[in-house]
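Encoded as structure tokens, the structure appears first; notes follow it.
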Amino acid sequence: MDILLLVAIAIWLSLAMAGAWAIQRTSGQSGWIDTIWSVAVGIGGVVAVSFAGGDFDRRVVLLIVICAWSLRLASHIGSRTRGAAEDPRYAKFIEDWGDGAAWRLFLFLQIQALAAFVLVLAVYLAAANERPFPGAIDALAMLLAIIALGGEALSDAQLARFRKTPEAKTDVCEVGFWRYSRHPNYFFEWLFWCCWPLFASTGSIWNWLSLLAPLMMYWLLVHVSGVPPLEEHMLRSRGDKFRALQRRVNAFFPGPRNSTLPGDQQ
């Protein structure tokens, strides 16, 4: 394991999120934080793959995978942020933090840098895998990555189309994947990071650390900065309509709807 390389990546991620903090304080738009975070993880992943010593063919494929993830997510969040109102999740954090919001946000973003490092570490461990590529496990990992990237892109597109309709002002989104999960974009984001332990799988004990990426991502999305603040915002803005959605649609994992409830005729 190249410790100096990982230290350099950790410093890069910390500096990137410090820059994200400065941009948020200047622009007042927290959406740029997630845009910069996506780019920072992508760049960290590219550096990790480029300097890891694993199988060359594997590293070429992983370079394409991490670039596809970073560019898609950053461009989506960036285009959504331009001309948009403040991200409701960050707005609630800043409101709750009160007078100390500026420095608490800085600390929060450094924690995000640490989370980003866990993800890049998984990418590095996958790229350092010397097992000949491709194998059966690699094929499964590639399938998982393709499904996750495609599913998240389609979920985001479905929500974007819904937001352009008149119903979006007062109603909740239940089109496409959103009929079977209240947060399908978060589910597919988590699923994407499940492919990296498969790419990394060898007999090395260090490669077990790659499991931290999907475990951490699940915890963050489901219990910390994903579902909880967003659902709190939806309850404030949509009230009983969102409560009804909570009763008939799974929060995270896609699954059958509770069709016994009123309003689920399809």
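- Put simply, OG on S50 and CG on L5 are 9.5 Å apart, with the number rounded to the nearest 0.5 Å.
- With R25 contributing its side chain and A102 its backbone, the two residues share no donor-acceptor pair below 3.5 Å.
- Judged purely by atom type and a 3.5 angstrom limit, N185 has no side-chain atom pairing as donor or acceptor with the backbone of S155.
- More than 12 non-hydrogen atoms from other residues, nucleotides or ligands lie less than 6.0 angstrom from CZ of F242.
- Residues L211 and P197 come closest through the heavy atom pair CD2-CB, 3.7 Å.
- No continuous path of hydrophobic side-chain contacts links I23 to I111 [ILVMFWY only; heavy atoms under 4.5 Å].
- In this structure, W193 CH2 and L220 CG are separated by 12.0 Å, a value rounded to the nearest 0.5 Å.
- Between the side chain of S70 and the backbone N or O of S38, at least one donor-acceptor pair lies under 3.5 Å.
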Yes or no on side-chain hydrogen bond (donor to acceptor under 3.5 Å, both in side chains) for T202 and N129, after CA distance, side-chain angles and deciding distance?
CA-CA 7 Å; T202 63; N129 188 349; 4.7 Å; no

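- At distances below 3.5 Å, at least one donor-acceptor pair connects side-chain atoms of T165 with backbone N or O atoms of F162.
- The two residues V41 and A116 have their closest heavy-atom pair at CG2-CB, 3.5 Å.
- Classified by interplanar angle (parallel below 30°, tilted 30° to 60°, perpendicular above 60°), the ring pair Y186/H183 is parallel.
- Counting heavy atoms from C-beta outward, L119 and M216 have side chains that approach closer than 4.5 Å.
- For the side chain to side chain donor-acceptor pair (under 3.5 Å) with E174, the qualifying choice from R179, Q158, R257 is R257, the only one to do so.
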Take D171 and K241 through the side-chain contact (heavy atoms from CB on, under 4.5 Å) test and state the conclusion after the steps.
CA-CA 7 Å; D171 218 330; K241 287 188 176 181; 4.0 Å; yes

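- Contact record, I9 with A48: CD1-CB, 3.9 Å, taken as the closest heavy-atom pair.
- In this structure, S30 and L105 have side chains that are not in contact, with every pair of non-hydrogen atoms separated by 4.5 Å or more.
- Taking both residues in full, the closest heavy atoms of A52 and A128 are given as CB-N, 3.8 Å, listed atom of the first, atom of the second, then distance.
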Verdict with supporting geometry, L191 and E152, side-chain contact (heavy atoms from CB on, under 4.5 Å):
CA-CA 9 Å; L191 191 66; E152 188 172 9; over 6 Å; no

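- Closest non-hydrogen pair, N250 versus P254, comes out as ND2-C, 4.1 Å.
- Inter-residue side-chain proximity for V46 and C67 is flagged as met; some heavy-atom pair is nearer than 4.5 Å.
- Cluster membership for L144 and I147, using ILVMFWY side-chain heavy atoms within less than 4.5 angstrom, is shared.
- Using a 4.5 Å heavy-atom cutoff, the side chains of L121 and L6 are in contact.
- Here the side chain of S181 pairs a donor or acceptor atom with the backbone of F252 at under 3.5 angstrom.
- A distance-only check finds a donor-acceptor pair linking the side chain of R182 to the backbone of V249 [under 3.5 Å].
- Checking side-chain atoms of Q24 against main-chain N and O of I33 turns up no donor-acceptor pair under 3.5 Å.
- Grouping the Ile, Leu, Val, Met, Phe, Trp and Tyr side chains by contacts below 4.5 angstrom, directly or via other members, places F51 apart from L4.
- The aromatic rings of F108 and F93 sit tilted relative to each other, their planes meeting at an angle between 30° and 60°.
- With W190 contributing its side chain and L221 its backbone, the two residues share no donor-acceptor pair below 3.5 Å.
- Using modelled atom types, one side-chain atom of S201 and one backbone atom of L198 make a donor-acceptor pair closer than 3.5 Å.
- Summarising the local packing, CG of D99 is surrounded by 12 or fewer heavy atoms from other residues, nucleotides or ligands at distances under 6.0 Å.
- Between Y90 and W32, a ring centre-to-centre spacing not shorter than 6.0 Å is recorded.
- Taking a cutoff of 4.0 Å between a charged side-chain nitrogen and a carboxylate oxygen, R80 and D156 do not qualify as a salt bridge.
- Rounded to the nearest 0.5 Å, atoms CD (Q246) and CE (M234) are 9.5 Å apart.
- Looking at D138 and R58, their side chains come closer than 4.5 Å, going by heavy atoms from C-beta outward.
- With ring centers used as reference points, F177 lies under 6.0 Å from F188.
- Under the 4.5 Å side-chain criterion, counting only non-hydrogen atoms from C-beta, S75 is not in contact with L71.
- Note that CG of L109 is 12.5 Å distant from CG of L13, once rounded to the nearest 0.5 Å.
- A distance of 15.0 Å separates CD1 in I137 from CE in M142, rounded to the nearest 0.5 Å.
- V118 and I3 fall within a single hydrophobic cluster, where Ile, Leu, Val, Met, Phe, Trp and Tyr are joined by side-chain heavy atoms under 4.5 Å apart, directly or via other members.
- For the atom pair R59 CZ and F133 CZ, the distance stands at 12.5 Å (nearest 0.5 Å).
- No more than 12 heavy-atom neighbours from other residues, nucleotides or ligands sit within 6.0 angstrom of CH2 on W219.
- Minimum interatomic distance between M17 and A113 (heavy atoms only, all atoms of both residues): CG-CB, 3.7 Å.
- A 4.5 Å side-chain heavy-atom check between E189 and W69 finds at least one atom pair inside the cut-off.
- The aromatic rings of F199 and W196 sit tilted relative to each other, their planes meeting at an angle between 30° and 60°.
- A donor-acceptor pair is defined here as one N or O able to donate and one able to accept, closer than 3.5 Å; such a pair exists between the side chain of Q110 and the backbone of S14.
- Cluster annotation: I146 and L140 are assigned to the same hydrophobic cluster (Ile/Leu/Val/Met/Phe/Trp/Tyr, side-chain heavy-atom contacts under 4.5 Å, transitive).
- In summary, the side chains of Y124 and D2 do not present any donor paired with an acceptor at a separation below 3.5 Å, with no hydrogens or angles considered.
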